Amino acid sequence: KRSPDPAEKTAEEIVHELQVHQIELELQAEELRRTHLELEEARDQYVDLYEFAPIGYLTLTDNGLVSGINLTGATLLGVERGSLINTRFSRIVADDDRDTWHRYFMNVLGGKEKLACTLMLMRGNGSVFPARLESLRITESDGVTPTVRVTVDNISDIREAENTLRLSEEKYRGLFAA
C-alpha cells in the first residue's frame, strides 16, 4: 500500500491529480458564472419592478430623511430624484398636513404593522395633490437601525370620483325635494 506522502507519488499520479483538480475548478468556475448571470437577471428584474412600479416607493431614515426613491415617486412629485435624497420628507407635505404627518411617522416608527394615511403632498412646481401613504418600519441589516419604507399613491382620481358622486347625489336628492 502506498503512503499518501506527495514525495512518494509518481509524476503521472501528480499530473492526474492536478488534472482532476483542474476539471473540478473549471466546473466550479462555470457554476459561479451561471449563478452570477442569474443574479444579474434577478437584479435587473427587481430594478425594473422597483423603478417603474405604478406607485412611488421611498425609503426614509428614522429622522424622516429621504434615503431612496424610485423613478415613479420622483415623477409623481415632479422633482429630480437626487434633489430629494437627504432632505426631510416633511418638506413635501402640505403645511396643513405636517402635524398629521409627524404623528403618523412617529406611529410607524414605534410600531411593527403597516400603517396608512392620506395627506396632501406638494410637487416641485408648488401644486398639491392628495396621496395615500402606506408605511412600514423595518430594521436594517445591522439589526439596530430602523428604516421606514413608504408607498405613495396619487389618489386625485379617487377624490374626483367621490366629488362627482357627491354632486350627483345632491342633484338627485334636489329633484325629489322640490
Side-chain angles (χ1 to χ4, degrees), residues 1-93 101 104-117 119 121 123-124 129 131-155 157-158:
K1 191 170 184 181
R2 290 194 91 141
S3 169
D5 184 5
E8 295 181 16
K9 290 185 179 182
T10 66
E12 292 87 23
E13 290 174 323
I14 293 173
V15 167
H16 176 72
E17 282 184 22
L18 288 173
Q19 288 172 336
V20 168
H21 288 302
Q22 180 180 4
I23 291 169
E24 288 173 350
L25 288 172
E26 287 172 357
L27 290 172
Q28 289 174 356
E30 182 58 35
E31 178 67 18
L32 283 172
R33 279 190 290 277
R34 191 178 56 70
T35 301
H36 180 75
L37 285 173
E38 288 174 3
L39 285 171
E40 282 183 345
E41 288 174 9
R43 183 204 61 217
D44 292 347
Q45 182 180 17
Y46 166 79
V47 167
D48 287 347
L49 289 171
Y50 175 78
E51 292 295 352
F52 302 110
I55 59 175
Y57 289 118
L58 291 97
T59 302
L60 306 180
T61 67
D62 57 343
N63 293 321
L65 299 176
V66 177
S67 60
I69 183 170
N70 70 344
L71 186 59
T72 303
T75 302
L76 183 65
L77 296 170
V79 293
E80 289 293 321
R81 203 179 347 201
S83 68
L84 283 175
I85 303 300
N86 293 320
T87 62
R88 293 207 176 278
F89 182 81
S90 60
R91 284 187 45 206
I92 64 170
V93 176
W101 161 251
Y104 170 73
F105 187 70
M106 289 297 112
N107 286 336
V108 171
L109 274 179
K112 299 212 185 293
E113 298 100 34
K114 180 169 49 171
L115 298 177
C117 80
L119 298 171
L121 297 181
R123 290 190 175 95
F129 67 96
R132 176 175 170 79
L133 279 60
E134 290 190 12
S135 304
L136 179 65
R137 176 189 186 267
I138 62 167
T139 303
E140 289 297 325
S141 57
D142 64 9
V144 178
T145 309
T147 300
V148 176
R149 303 271 194 225
V150 182
T151 63
V152 178
D153 195 11
N154 182 344
I155 59 169
D157 292 345
I158 294 170

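Just the heavy atoms: all of them, side chains too, but no hydrogens, waters or symmetry mates, feed the values below. It should be emphasised that the depicted structure is a prediction, and the values quoted were computed from it without experimental measurement. Position 1 is the first residue of the sequence; numbering continues from there.
- The environment of Arg123 atom CZ is dense: over 12 non-hydrogen atoms of other residues, nucleotides or ligands sit within 6.0 angstrom.
- The shortest side-chain heavy-atom distance between Leu77 and Ile69 falls under the 4.5 Å cut-off.
- His16 is not listed as a side-chain neighbour of Glu13, based on a closest heavy-atom distance of 4.5 Å or more.
- In this structure, Glu38 places its CD atom where more than 12 heavy-atom neighbours from other residues, nucleotides or ligands lie under 6.0 Å away.
- Between the side chains of Gln45 and Glu41, no donor-acceptor pair of N or O atoms lies under 3.5 Å.
- No side-chain heavy atom of Leu27 sits under 4.5 Å from any side-chain heavy atom of Glu24.
- Two residues are said to be in side-chain contact when any heavy atoms from C-beta on lie closer than 4.5 Å; Leu115 and Ser135 fail this criterion.
- Within 6.0 Å of the CD atom in Glu26, the count of heavy atoms belonging to other residues, nucleotides or ligands exceeds 12.
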Do His36 and Glu40 pass the side-chain hydrogen bond (donor to acceptor under 3.5 Å, both in side chains) test, and can you show the C-alpha distance, the side-chain angles, and the key distance before you say yes or no? CA-CA 6 Å; His36 180 75; Glu40 282 183 345; 2.9 Å; yes

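- For the atom pair OG1 (Thr72) and CG (Asp153), the distance works out to 10.5 Å, reported to the nearest 0.5 Å.
- Ionic pairing of Glu30 and Arg34 is not present here: no N-O contact between side-chain nitrogen and carboxylate oxygen is shorter than 4.0 angstrom.
- You'll find the side chain of Arg43 stays beyond 4.5 Å of the side chain of Leu39, heavy atoms only.
- Two residues are said to be in side-chain contact when any heavy atoms from C-beta on lie closer than 4.5 Å; Leu133 and Leu121 meet this criterion.
- Rounded to the nearest 0.5 Å, atoms CG (Asp48) and CG (Asp44) are 7.0 Å apart.
- Counting only heavy atoms from C-beta outward, the side chains of Ile92 and Val79 never approach each other to under 4.5 Å.
- The CG atom of Leu37 sits 9.0 Å away from the OG1 atom of Thr35 when rounded to the nearest 0.5 Å.
- Remark: Ile23 CD1 to Gln28 CD distance equals 12.5 Å, nearest 0.5 Å.
- Distance check, rounded to the nearest 0.5 Å: CG of Leu109 to OG1 of Thr147 gives 9.5 Å.
- Nearest approach of Arg137 to Val108, heavy atoms of both residues: CB-O, 3.3 Å.
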Which donor-acceptor pairs under 3.5 Å do side chains of residues 50-65 form with protein atoms, sequence neighbours excluded?
from: Tyr50; atom 1: OH; to: Asn70; atom 2: N; distance (Å): 3.3
from: Glu51; atom 1: OE1; to: Leu71; atom 2: N; distance (Å): 2.7
from: Glu51; atom 1: OE1; to: Arg81; atom 2: NH1; distance (Å): 2.8
from: Glu51; atom 1: OE2; to: Arg81; atom 2: NH1; distance (Å): 2.9
from: Thr59; atom 1: OG1; to: Arg149; atom 2: NH1; distance (Å): 2.9
from: Thr61; atom 1: OG1; to: Asn63; atom 2: N; distance (Å): 3.2
from: Thr61; atom 1: OG1; to: Leu65; atom 2: N; distance (Å): 3.1

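- Side-chain contact between Val20 and Glu17: absent, with no pair of heavy atoms (C-beta onward) separated by less than 4.5 Å.
- Shown are Ile158, Thr151, Ile155; of these, the side-chain contact (heavy atoms from CB on, under 4.5 Å) with Arg132 is made only by Ile155.
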